[in-house]
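Numbers here simply count residues along the sequence, with the first being 1.
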Amino acid sequence: MLNSFRQHIQKYQTISDEEFEAILSYFEVHSLKKKEMIQEAGQTHLYNYFVLEGCLRMYTLHEKGQEITTDFALESWWLCDQKAYLGKIETDCYIQAVENSRILRISRDKEQLLIKEHPFMQFYFLQIYQKAFAAAQFRNKLFKLYSKEEIFIQFNNNFPDFVQRVPQYLIASYLGLTPEYLSEIRKKMFS
(Lines give C-alpha, C1' and ligand atoms only; values in the text may rest on other atoms or scores of the structure.)
Protein backbone atom coordinates (compact mmCIF):
# COMPACT_ATOMS: atom_id res chain seq x y z
CA MET A 1 0.00 0.00 0.00
CA LEU A 2 2.86 2.40 0.73
CA ASN A 3 3.99 1.60 -2.79
CA SER A 4 1.24 3.88 -4.12
CA PHE A 5 2.93 6.78 -2.33
CA ARG A 6 6.29 5.85 -3.80
CA GLN A 7 4.77 5.62 -7.28
CA HIS A 8 3.22 9.04 -6.77
CA ILE A 9 6.57 10.58 -5.86
CA GLN A 10 8.23 8.81 -8.78
CA LYS A 11 5.93 10.55 -11.23
CA TYR A 12 8.18 13.55 -10.57
CA GLN A 13 11.46 12.15 -9.21
CA THR A 14 13.19 8.78 -9.28
CA ILE A 15 14.11 7.67 -5.75
CA SER A 16 16.02 4.75 -4.29
CA ASP A 17 14.72 2.36 -1.64
CA GLU A 18 16.84 4.15 0.94
CA GLU A 19 15.51 7.57 -0.04
CA PHE A 20 11.94 6.31 0.11
CA GLU A 21 12.48 4.86 3.60
CA ALA A 22 14.02 8.16 4.70
CA ILE A 23 11.07 10.11 3.28
CA LEU A 24 8.56 7.81 4.99
CA SER A 25 10.14 8.55 8.37
CA TYR A 26 8.59 12.06 8.24
CA PHE A 27 5.06 10.65 7.89
CA GLU A 28 2.64 8.86 10.17
CA VAL A 29 0.37 6.10 8.86
CA HIS A 30 -3.21 6.01 10.15
CA SER A 31 -6.19 3.77 9.61
CA LEU A 32 -9.60 5.42 9.78
CA LYS A 33 -13.11 4.08 10.14
CA LYS A 34 -15.91 5.35 7.94
CA LYS A 35 -17.14 8.77 9.24
CA GLU A 36 -14.13 9.14 11.58
CA MET A 37 -13.02 12.76 12.01
CA ILE A 38 -9.34 13.60 11.61
CA GLN A 39 -9.58 17.37 11.74
CA GLU A 40 -12.04 19.75 13.36
CA ALA A 41 -12.59 23.47 13.06
CA GLY A 42 -10.56 25.47 15.55
CA GLN A 43 -7.44 23.32 15.36
CA THR A 44 -4.10 24.95 14.65
CA HIS A 45 -1.81 21.90 14.60
CA LEU A 46 -2.72 20.65 11.14
CA TYR A 47 -1.60 17.95 8.74
CA ASN A 48 -1.47 17.35 5.03
CA TYR A 49 -3.06 13.97 4.25
CA PHE A 50 -2.15 11.54 1.46
CA VAL A 51 -4.79 8.88 0.83
CA LEU A 52 -3.35 5.39 0.49
CA GLU A 53 -6.75 3.71 0.46
CA GLY A 54 -10.29 5.02 0.83
CA CYS A 55 -11.79 8.49 0.56
CA LEU A 56 -11.71 11.67 2.65
CA ARG A 57 -13.84 14.77 2.50
CA MET A 58 -13.26 18.28 3.76
CA TYR A 59 -16.19 20.44 4.76
CA THR A 60 -17.09 23.61 6.57
CA LEU A 61 -20.27 24.63 8.36
CA HIS A 62 -22.66 27.21 6.94
CA GLU A 63 -23.84 29.80 9.46
CA LYS A 64 -27.08 27.77 9.84
CA GLY A 65 -25.06 24.64 10.71
CA GLN A 66 -25.38 23.00 7.29
CA GLU A 67 -22.30 21.04 6.16
CA ILE A 68 -20.80 22.33 2.91
CA THR A 69 -18.37 19.86 1.33
CA THR A 70 -15.43 21.76 -0.16
CA ASP A 71 -13.12 18.95 -1.29
CA PHE A 72 -12.61 15.21 -1.62
CA ALA A 73 -9.58 12.95 -1.91
CA LEU A 74 -9.42 9.39 -3.21
CA GLU A 75 -6.35 7.16 -3.43
CA SER A 76 -3.12 8.99 -4.31
CA TRP A 77 -4.67 12.40 -3.67
CA TRP A 78 -3.62 14.95 -1.05
CA LEU A 79 -6.05 16.85 1.16
CA CYS A 80 -5.71 19.66 3.67
CA ASP A 81 -6.97 23.15 4.42
CA GLN A 82 -4.14 24.79 2.50
CA LYS A 83 -4.63 28.29 3.87
CA ALA A 84 -4.54 27.16 7.50
CA TYR A 85 -1.84 24.54 6.92
CA LEU A 86 0.58 26.84 5.09
CA GLY A 87 -0.15 29.84 7.32
CA LYS A 88 -0.16 27.81 10.54
CA ILE A 89 -3.46 29.41 11.50
CA GLU A 90 -6.72 28.10 12.93
CA THR A 91 -8.79 26.07 10.47
CA ASP A 92 -12.51 26.42 9.91
CA CYS A 93 -12.63 23.06 8.11
CA TYR A 94 -13.42 19.52 9.16
CA ILE A 95 -11.90 16.44 7.52
CA GLN A 96 -13.69 13.11 7.73
CA ALA A 97 -13.28 9.62 6.27
CA VAL A 98 -16.05 8.86 3.77
CA GLU A 99 -14.97 5.19 3.68
CA ASN A 100 -12.67 3.07 5.81
CA SER A 101 -9.33 4.60 4.84
CA ARG A 102 -5.57 4.42 5.29
CA ILE A 103 -3.65 7.65 5.11
CA LEU A 104 -0.24 9.17 5.50
CA ARG A 105 -0.06 12.47 7.32
CA ILE A 106 2.67 15.06 7.68
CA SER A 107 2.75 18.28 9.71
CA ARG A 108 3.91 21.56 8.16
CA ASP A 109 7.04 21.57 10.32
CA LYS A 110 7.95 18.03 9.26
CA GLU A 111 7.22 18.86 5.63
CA GLN A 112 9.63 21.80 5.82
CA LEU A 113 12.26 19.59 7.48
CA LEU A 114 11.73 16.92 4.82
CA ILE A 115 12.29 19.49 2.07
CA LYS A 116 15.39 20.83 3.80
CA GLU A 117 16.92 17.38 4.16
CA HIS A 118 15.65 16.04 0.78
CA PRO A 119 15.55 19.08 -1.52
CA PHE A 120 14.06 17.19 -4.48
CA MET A 121 10.85 16.88 -2.42
CA GLN A 122 10.34 20.62 -2.83
CA PHE A 123 9.72 20.02 -6.55
CA TYR A 124 7.32 17.20 -5.65
CA PHE A 125 5.27 19.38 -3.30
CA LEU A 126 5.33 22.24 -5.81
CA GLN A 127 3.75 19.90 -8.36
CA ILE A 128 1.13 18.78 -5.84
CA TYR A 129 0.19 22.34 -4.91
CA GLN A 130 0.02 23.38 -8.57
CA LYS A 131 -2.32 20.47 -9.33
CA ALA A 132 -4.51 21.43 -6.38
CA PHE A 133 -4.67 24.99 -7.68
CA ALA A 134 -5.57 23.75 -11.18
CA ALA A 135 -8.35 21.59 -9.70
CA ALA A 136 -9.73 24.60 -7.81
CA GLN A 137 -9.68 26.63 -11.02
CA PHE A 138 -11.53 23.82 -12.83
CA ARG A 139 -14.23 23.76 -10.17
CA ASN A 140 -14.54 27.53 -10.24
CA LYS A 141 -14.91 27.42 -14.03
CA LEU A 142 -17.64 24.78 -13.73
CA PHE A 143 -19.68 27.04 -11.48
CA LYS A 144 -19.29 30.06 -13.74
CA LEU A 145 -19.86 28.44 -17.15
CA TYR A 146 -22.43 25.72 -16.65
CA SER A 147 -25.98 25.21 -15.41
CA LYS A 148 -26.51 23.05 -12.32
CA GLU A 149 -27.31 20.07 -14.52
CA GLU A 150 -24.25 20.62 -16.71
CA ILE A 151 -22.06 20.95 -13.61
CA PHE A 152 -23.03 17.44 -12.52
CA ILE A 153 -22.55 16.06 -16.05
CA GLN A 154 -19.06 17.58 -16.22
CA PHE A 155 -18.25 16.30 -12.74
CA ASN A 156 -19.57 12.82 -13.60
CA ASN A 157 -17.51 12.74 -16.82
CA ASN A 158 -14.30 13.95 -15.17
CA PHE A 159 -14.57 12.09 -11.85
CA PRO A 160 -16.63 8.91 -12.32
CA ASP A 161 -14.95 7.25 -9.31
CA PHE A 162 -16.44 9.85 -7.00
CA VAL A 163 -19.92 9.40 -8.36
CA GLN A 164 -19.70 5.64 -7.83
CA ARG A 165 -18.14 5.74 -4.35
CA VAL A 166 -19.31 8.91 -2.61
CA PRO A 167 -22.85 9.19 -1.21
CA GLN A 168 -25.11 11.34 -3.36
CA TYR A 169 -25.86 13.86 -0.58
CA LEU A 170 -22.11 14.60 -0.26
CA ILE A 171 -21.71 15.09 -4.01
CA ALA A 172 -24.74 17.39 -3.94
CA SER A 173 -23.18 19.42 -1.13
CA TYR A 174 -19.88 19.68 -3.04
CA LEU A 175 -21.62 20.83 -6.23
CA GLY A 176 -23.97 23.27 -4.49
CA LEU A 177 -27.06 21.22 -5.26
CA THR A 178 -29.80 19.76 -3.10
CA PRO A 179 -29.79 15.95 -2.88
CA GLU A 180 -33.29 15.95 -4.38
CA TYR A 181 -32.24 17.99 -7.41
CA LEU A 182 -29.18 15.80 -7.94
CA SER A 183 -31.44 12.75 -7.82
CA GLU A 184 -33.62 14.29 -10.55
CA ILE A 185 -30.56 15.03 -12.71
CA ARG A 186 -29.29 11.46 -12.31
CA LYS A 187 -32.68 9.97 -13.17
CA LYS A 188 -32.82 12.08 -16.30
CA MET A 189 -29.24 11.12 -17.28
CA PHE A 190 -29.63 7.40 -16.75
CA SER A 191 -33.13 6.95 -18.16
Side-chain angles (χ1 to χ4, degrees), residues 1-12 27 29-39 47-62 66-82 85 93-106 124-191:
M1 188 171 305
L2 291 173
N3 199 37
S4 66
F5 181 51
R6 182 175 183 166
Q7 289 171 349
H8 201 260
I9 294 170
Q10 291 194 148
K11 286 180 184 178
Y12 309 101
F27 291 85
V29 180
H30 288 275
S31 294
L32 306 169
K33 300 272 188 224
K34 182 177 179 176
K35 296 193 175 187
E36 185 175 339
M37 300 298 295
I38 56 173
Q39 176 182 295
Y47 296 91
N48 199 354
Y49 301 98
F50 181 84
V51 180
L52 296 167
E53 179 181 302
C55 180
L56 304 178
R57 80 168 175 130
M58 185 165 58
Y59 68 93
T60 189
L61 294 178
H62 187 274
Q66 178 186 7
E67 294 178 4
I68 307 296
T69 300
T70 58
D71 217 340
F72 288 104
L74 292 174
E75 290 84 3
S76 296
W77 288 35
W78 286 91
L79 183 66
C80 77
D81 175 357
Q82 291 289 334
Y85 178 76
C93 295
Y94 299 80
I95 299 179
Q96 178 183 47
V98 175
E99 305 171 337
N100 290 339
S101 302
R102 290 210 53 202
I103 60 167
L104 291 174
R105 76 178 195 178
I106 189 168
Y124 171 75
F125 282 110
L126 175 63
Q127 296 304 303
I128 300 311
Y129 293 137
Q130 286 177 338
K131 284 186 177 238
F133 182 68
Q137 284 182 320
F138 174 77
R139 183 171 181 228
N140 192 31
K141 183 172 79 173
L142 279 180
F143 286 104
K144 297 211 181 332
L145 296 178
Y146 297 105
S147 69
K148 298 285 188 184
E149 186 173 332
E150 291 168 326
I151 288 170
F152 176 72
I153 292 168
Q154 288 291 324
F155 184 78
N156 184 55
N157 291 342
N158 285 285
F159 305 104
D161 286 348
F162 283 114
V163 177
Q164 294 172 9
R165 292 172 59 184
V166 174
Q168 185 171 303
Y169 75 97
L170 294 179
I171 293 171
S173 170
Y174 179 70
L175 296 176
L177 308 171
T178 65
E180 297 79 18
Y181 186 60
L182 180 55
S183 183
E184 287 177 28
I185 293 170
R186 289 182 67 152
K187 280 182 197 172
K188 192 189 232 183
M189 278 180 64
F190 300 119
S191 64

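- Within the 3.5 Å criterion, the main-chain N or O of Met58 finds a donor-acceptor partner in the side chain of Thr70.
- Heavy atoms only, all atoms of each residue included: Lys148 and Ile185 are closest at O-CD1, 4.1 Å.
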So Tyr12 and Ile128, side chain to side chain contact (heavy atoms under 4.5 Å, CB included) or not? Walk me through it. CA-CA 10 Å; Tyr12 309 101; Ile128 300 311; 4.2 Å; yes

Mind running side chain to side chain contact (heavy atoms under 4.5 Å, CB included) on Leu52 and Leu2 for me, showing each step along the way? CA-CA 7 Å; Leu52 296 167; Leu2 291 173; 3.9 Å; yes

Worked verdict on Phe155 versus Tyr174 for ring-ring contact (aromatic ring centres under 6.0 Å, His included): CA-CA 10 Å; Phe155 184 78; Tyr174 179 70; 5.6 Å; yes

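- The 12-atom threshold is not exceeded at CZ of Phe133, counting heavy atoms of other residues, nucleotides or ligands nearer than 6.0 Å.
- Within the model, atoms CZ of Phe152 and CG of Leu175 stand 7.5 Å from one another, a figure rounded to the nearest 0.5 Å.
- Note: Glu75 CD to Ser101 OG = 8.0 Å, rounded to the nearest 0.5 Å.
- For the pair Ser173 (side chain) and Glu67 (backbone), a donor-acceptor distance under 3.5 Å is present.
- Checking each of Tyr59, Phe159, Phe162, Trp78 against Phe72 for a ring-ring contact (aromatic ring centres under 6.0 Å, His included) leaves exactly one that passes, namely Phe162.
- Arg102 approaches Ser31 most closely through the heavy-atom pair NE-OG, 3.4 Å.
- Atom OG1 of Thr60 is separated from atom OH of Tyr94 by 7.5 Å, given to the nearest 0.5 angstrom.
- To the nearest 0.5 angstrom, Ile153 atom CD1 is 11.5 Å from Leu142 atom CG.
- A donor-acceptor contact shorter than 3.5 Å is absent between the side chain of Gln168 and the backbone of Leu182.
- Residues Arg186 and Val163 have side chains in contact (heavy-atom distance under 4.5 Å, counting atoms from C-beta outward).
- Under the 4.5 Å side-chain criterion, counting only non-hydrogen atoms from C-beta, Arg6 is in contact with Asn3.
- Residue Lys11 holds its NZ atom at 6.0 Å from NZ of Lys131, rounded to the nearest 0.5 Å.
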One pair to check against side chain to side chain contact (heavy atoms under 4.5 Å, CB included): Ile95 and Tyr47. What are the steps and the verdict? CA-CA 10 Å; Ile95 299 179; Tyr47 296 91; over 6 Å; no

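- Between the Arg165 side chain and the Gly54 main chain, a donor and an acceptor come within less than 3.5 Å of each other.
- Looking at Gln96, its side chain does come within 3.5 Å of a backbone N or O of Lys35 through a donor-acceptor pair.
- Of the candidates Phe27, Tyr49, Trp77, Phe27 is the only one forming a ring-ring contact (aromatic ring centres under 6.0 Å, His included) with Phe5.
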Please evaluate residues Val51 and Leu79 with respect to the criterion side chain to side chain contact (heavy atoms under 4.5 Å, CB included), reporting the C-alpha separation (whole Å), side-chain torsions for both, the decisive distance (0.1 Å), and the verdict. CA-CA 8 Å; Val51 180; Leu79 183 66; 5.7 Å; no

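- Using a 4.5 Å heavy-atom cutoff, the side chains of His30 and Ile38 are not in contact.
- In this structure the side chain of Leu177 never reaches within 4.5 angstrom of the side chain of Ile151, judged on heavy atoms.
- In this structure, the separation between CG on Asn100 and CD on Glu53 is 8.5 Å, given to the nearest 0.5 Å.
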